[in-house]
Amino acid sequence: MILETKSKKINLVFTTRKIVNISNILKGKDFEDLYFKAMNENDLDALSKIVFVFAEDEAGMKSFKSSEDVYDFIDDYKIENKKTYQDIFNEIAGIINDEGFFKTKMNKKQLQEKISNPLSGVNMSEIIKSSAEKAISKVAEEEVFRGYMA
């Protein structure tokens, strides 16, 4: 995927190594969940890290020296191409999907539904687990209190 401004041209190159790297940087295990969570939260820090990790120049070398360079590039790209942050996230999601780096390859309609769903990227099993642990803890606390009062 080529992103270009007047002063810089980058190619976002997706590889398994880079997917694992960005998952570690964003502190998660599931790249798809991390990506859609960042997208739905409009997480610009995550967007800059994603661009930073995947960007290569024409020679296949890293395109940026620092995150500051990425922020400047994103600003220029937005202005010159009349894009929003959401547009950039959507474009990248489309390419990642086309290249098969999400759990399952989605058709355009499925991808659009995933993009539009505000719960995309929310790990429901983690929420349920956390809620169950809190409920069990509260019940145990009440039982201890009852035993103490008896």
Mind listing the closest non-hydrogen atom pair of [X] and [Y] along with its distance?
X     : Y      : answer
Tyr35 : Ile92  : OH-CB, 3.2 Å
Phe89 : Asp43  : CZ-O, 3.5 Å
Asn40 : Ile115 : OD1-O, 3.5 Å

Between atom [atom1] of [X] and atom [atom2] of [Y], what is the distance when rounded to the nearest 0.5 Å?
X      : Y      : atom1 : atom2 : value
Leu3   : Ile88  : CG    : CD1   : 7.5 Å
Leu111 : Ser116 : CG    : OG    : 9.0 Å
Phe31  : Phe102 : CZ    : CZ    : 5.5 Å
Asn97  : Met106 : CG    : CE    : 4.5 Å
Asp76  : Lys6   : CG    : NZ    : 9.0 Å
Ile74  : Leu44  : CD1   : CG    : 7.5 Å

inquiry  = Main chain of Ala38, side chain of Glu41: is a donor-acceptor contact present, judged purely on distance under 3.5 Å?
reply    =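 No, Glu41 side chain to Ala38 backbone: no donor-acceptor pair under 3.5 Å.
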key: Backbone N/O of Lys109 and side chain of Asn107: donor-acceptor pair under 3.5 Å   =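 At least one qualifying donor-acceptor pair exists.
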With heavy-atom distances below 4.5 Å as the criterion, would you say the side chains of [X] and [Y] are in contact?
X     : Y      : value
Thr16 : Phe101 : yes
Val51 : Ile10  : yes
Ser23 : Asp30  : no

task = Report whether Ile50 and Ile95 are members of the same hydrophobic cluster (ILVMFWY, side-chain heavy atoms less than 4.5 Å apart, transitive linking).
result =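 Yes: a chain of side-chain contacts under 4.5 Å links Ile50 to Ile95.
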ask   = Would a hydrophobic clustering, with Ile, Leu, Val, Met, Phe, Trp and Tyr connected at side-chain separations under 4.5 Å, put Val20 with Leu34?
value =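 Not linked; separate clusters.
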key: salt bridge (Lys or Arg N to Asp or Glu O under 4.0 Å) between Glu32 and Lys114, intermediate numbers included   = CA-CA 10 Å; Glu32 182 175 328; Lys114 182 98 173 174; 2.9 Å; yes
In a table with atom names and distances, give each donor-acceptor pair under 3.5 Å that connects a side chain of residues 53-61 to protein atoms at least two apart or in another chain.
residue, atom, partner, partner atom, Å
Glu56, OE2, Lys18, NZ, 2.6
Asp57, OD1, Ala59, N, 2.9
Asp57, OD1, Gly60, N, 3.1
Asp57, OD1, Met61, N, 2.9

message = With no hydrogens and no angle check, just 3.5 Å: does a side-chain donor-acceptor pair link Tyr71 and Asp45?
response =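 There is such a pair between these side chains.
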key: Worked check of side chain to side chain contact (heavy atoms under 4.5 Å, CB included) between Thr15 and Val13   = CA-CA 7 Å; Thr15 64; Val13 178; 4.2 Å; yes
task = Please collect all side chain to side chain donor-acceptor pair (under 3.5 Å) contacts where either partner lies in residues 79-88, sequence neighbours excluded, each pair once.
result =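 For residues 79-88, and leaving out neighbouring residues, the side chain to side chain donor-acceptor pair (under 3.5 Å) pairs sorted by first residue read Lys83-Glu91, Thr84-Asp87, Gln86-Asn90.
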query = Between Phe64 and Lys8, is there a cation-pi geometry (under 6.0 Å to ring centre, at most 45° from the normal)?
reply =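 Pair Lys8/Phe64 counts as cation-pi.
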query = Taking the inter-plane angle between the rings of Phe73 and Tyr77 on a 0 to 90° scale, is it parallel (under 30°), tilted (30 to 60°) or perpendicular (over 60°)?
reply =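 The rings of Phe73 and Tyr77 lie parallel, inter-plane angle below 30°.
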